Amino acid sequence: MKRLSAIFGATLMVFSLQLAAETRIGVVDLRQALFSSNDAQSFSEKLQQDFAGEEAKVREAQEQARRLKDRIEKDGAMMNESERNKLTGEFQEKVQEFNFLKQRLDQTVAQRKQQFLENARPEVDAAVKELLEEHNLDLILPSEAVVYVKPEMNLTSELLEKLNR
């Protein structure tokens, strides 16, 4: 009985190896292909244009806070206590303003990027499916999940071409 079980296990193992040998697998770096696409470049440019004013406000608040800090460090010892306290309060307000503006900008940009990714998803899925069919593949893996891939099985550049059509 044990011998029959061992033979059955060995046969199953050989059959599994044959199946694995026949499986055709491709690899793509989805992030690289998507963010290198023409649509992503246009999106990035539009994002920079849309938020240039907000970024300027953030930089200005940061610069004002830096100037106040420098003034406190440079002249603080020569100021009376009330002047130093007033300047320290202004500095803390500027830091809070900077943090608020920066956080709001970061959240808004992140939302817009997420929306871009969601809108691009059907196009990416269709392009990946085309690659699957064109190369007669059984499986396409993301490059993050792969330790090594032969260059001919890395289909990232082809995916980028399809996304740019």
Side-chain angles (χ1 to χ4, degrees), residues 25-135 137-165:
I25 300 173
V27 174
V28 293
D29 186 338
L30 291 170
R31 184 177 278 314
Q32 178 188 350
L34 182 59
F35 287 114
S36 298
S37 71
N38 294 337
D39 287 346
Q41 300 299 325
S42 298
F43 170 76
S44 181
E45 290 170 10
K46 180 165 177 23
L47 202 61
Q48 286 179 336
Q49 291 171 356
D50 290 351
F51 292 107
E54 295 295 319
E55 287 178 356
K57 287 178 187 177
V58 169
R59 279 193 303 276
E60 179 59 29
Q62 182 181 28
E63 182 59 27
Q64 288 174 356
R66 187 194 58 76
R67 282 193 303 258
L68 287 168
K69 181 182 178 202
D70 289 347
R71 187 167 167 216
I72 291 169
E73 289 174 354
K74 181 181 173 189
D75 301 332
M78 293 182 275
M79 293 180 189
N80 65 38
E81 190 174 338
S82 66
E83 286 178 311
R84 196 170 39 252
N85 288 341
K86 180 182 178 205
L87 207 54
T88 301
E90 289 177 27
F91 169 71
Q92 290 172 346
E93 286 177 21
K94 275 299 166 192
V95 168
Q96 287 176 345
E97 178 184 351
F98 165 75
N99 288 335
F100 172 76
L101 292 172
K102 177 91 168 101
Q103 183 179 10
R104 187 175 67 184
L105 176 64
D106 290 347
Q107 286 176 341
T108 305
V109 168
Q111 287 172 349
R112 292 275 294 271
K113 285 181 179 180
Q114 185 61 36
Q115 185 179 15
F116 171 76
L117 291 174
E118 289 172 10
N119 292 341
R121 184 69 189 199
E123 185 180 352
V124 171
D125 288 346
V128 168
K129 187 173 181 181
E130 279 183 48
L131 284 175
L132 196 71
E133 292 169 358
E134 286 175 5
H135 291 275
L137 299 173
D138 298 311
L139 183 66
I140 293 182
L141 295 173
S143 62
E144 301 86 31
V146 177
V147 175
Y148 176 79
V149 63
K150 290 181 180 177
E152 63 269 13
M153 297 312 293
N154 187 343
L155 306 174
T156 304
S157 60
E158 290 183 46
L159 178 60
L160 178 59
E161 287 175 23
K162 291 184 181 309
L163 292 175
N164 284 337
R165 280 186 289 162

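Quick caveat, the model's predicted, so the values are computed rather than measured.
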request  = Show your working on side-chain contact (heavy atoms from CB on, under 4.5 Å) between Leu137 and Leu155 and close with a plain yes or no.
outcome  = CA-CA 11 Å; Leu137 299 173; Leu155 306 174; 3.5 Å; yes
message = For the residue pair Gln111 / Gln107, report whether a side-chain donor-acceptor contact shorter than 3.5 Å exists.
response = no
request  = Give, for atom NZ of Lys86 and atom CD1 of Ile72, the distance between the pair rounded to the nearest 0.5 Å.
outcome  = 12.0 Å
ask   = What distance do Asn38 atom CG and Leu160 atom CG have between them, rounded to the nearest 0.5 Å?
value = 7.5 Å
Other residues, nucleotides, ligands: >12 heavy atoms within 6.0 Å of Glu152 CD = yes
ask   = Does Glu73 come within less than 4.0 Å of Arg66, counting only side-chain N to carboxylate O?
value = no
key: Donor-acceptor under 3.5 Å (Thr88 side chain, Arg84 main chain)   = yes
query = Considering only heavy atoms from C-beta outward, does the side chain of Phe100 approach that of Arg104 to under 4.5 Å?
reply = yes
Contact check, side chains of Val109 and Lys113, non-hydrogen atoms, under 4.5 Å = yes
query = Do Glu60 and Lys57 sit within salt-bridge range, that is, some charged N less than 4.0 Å from a carboxylate O?
reply = no
message = Please determine whether side-chain contact (heavy atoms from CB on, under 4.5 Å) holds for the pair Leu30 and Val128, giving the CA-CA distance in whole Å, both sets of side-chain angles, and the decisive distance to 0.1 Å.
response = CA-CA 9 Å; Leu30 291 170; Val128 168; 4.1 Å; yes
note = The reported gap from CZ in Phe98 to CD in Gln62 (rounded to nearest 0.5 angstrom) is 4.5 Å
query = Taking it one step at a time, do Leu159 and Glu130 satisfy side-chain contact (heavy atoms from CB on, under 4.5 Å)?
reply = CA-CA 9 Å; Leu159 178 60; Glu130 279 183 48; over 6 Å; no
key: N-O pairing of Glu90 and Arg71 below 4.0 Å   = no
Sub-4.5 Å side-chain heavy-atom contact between Leu87 and Asp75 = no
inquiry  = Rounded to the nearest 0.5 Å, what separates atom CG in Asn154 from atom CG in Leu141?
reply    = 11.5 Å
ask   = Going by an N to O cut-off under 4.0 Å, is there a salt bridge joining Glu63 and Arg59?
value = no
note = Heavy atoms of Val27 and Ser143 approach each other most closely as CG1-CA, 3.6 Å
request  = Would you check if Gln115 and Asn119 make a side-chain contact, meaning some heavy-atom pair closer than 4.5 Å?
outcome  = yes
query = Does atom CZ of Arg67 have more than 12 heavy-atom neighbours from other groups under 6.0 Å away?
reply = yes
ask   = Does Leu117 reach the side chain of Phe35, with side-chain heavy atoms less than 4.5 Å apart?
value = yes
message = Quick check for you: to the nearest 0.5 Å, what is the distance between Gln48 atom CD and Phe43 atom CZ?
response = 10.5 Å
query = Looking at CG of Leu132 and CG of Asp125, how far apart are the two atoms once the value is rounded to the nearest 0.5 Å?
reply = 11.5 Å
query = Is there a side-chain contact between Glu123 and Leu163 (heavy atoms, below 4.5 Å)?
reply = yes
query = Can you tell if the side chain of Lys94 reaches within under 4.5 Å of the side chain of Glu97, non-hydrogen atoms only?
reply = yes
request  = Check whether any side-chain heavy atom of Glu54 lies under 4.5 Å from a side-chain heavy atom of Thr108, and answer yes or no.
outcome  = no
ask   = Quick one: do the Ser37 and Asp39 side chains pair a donor with an acceptor below 3.5 Å?
value = no
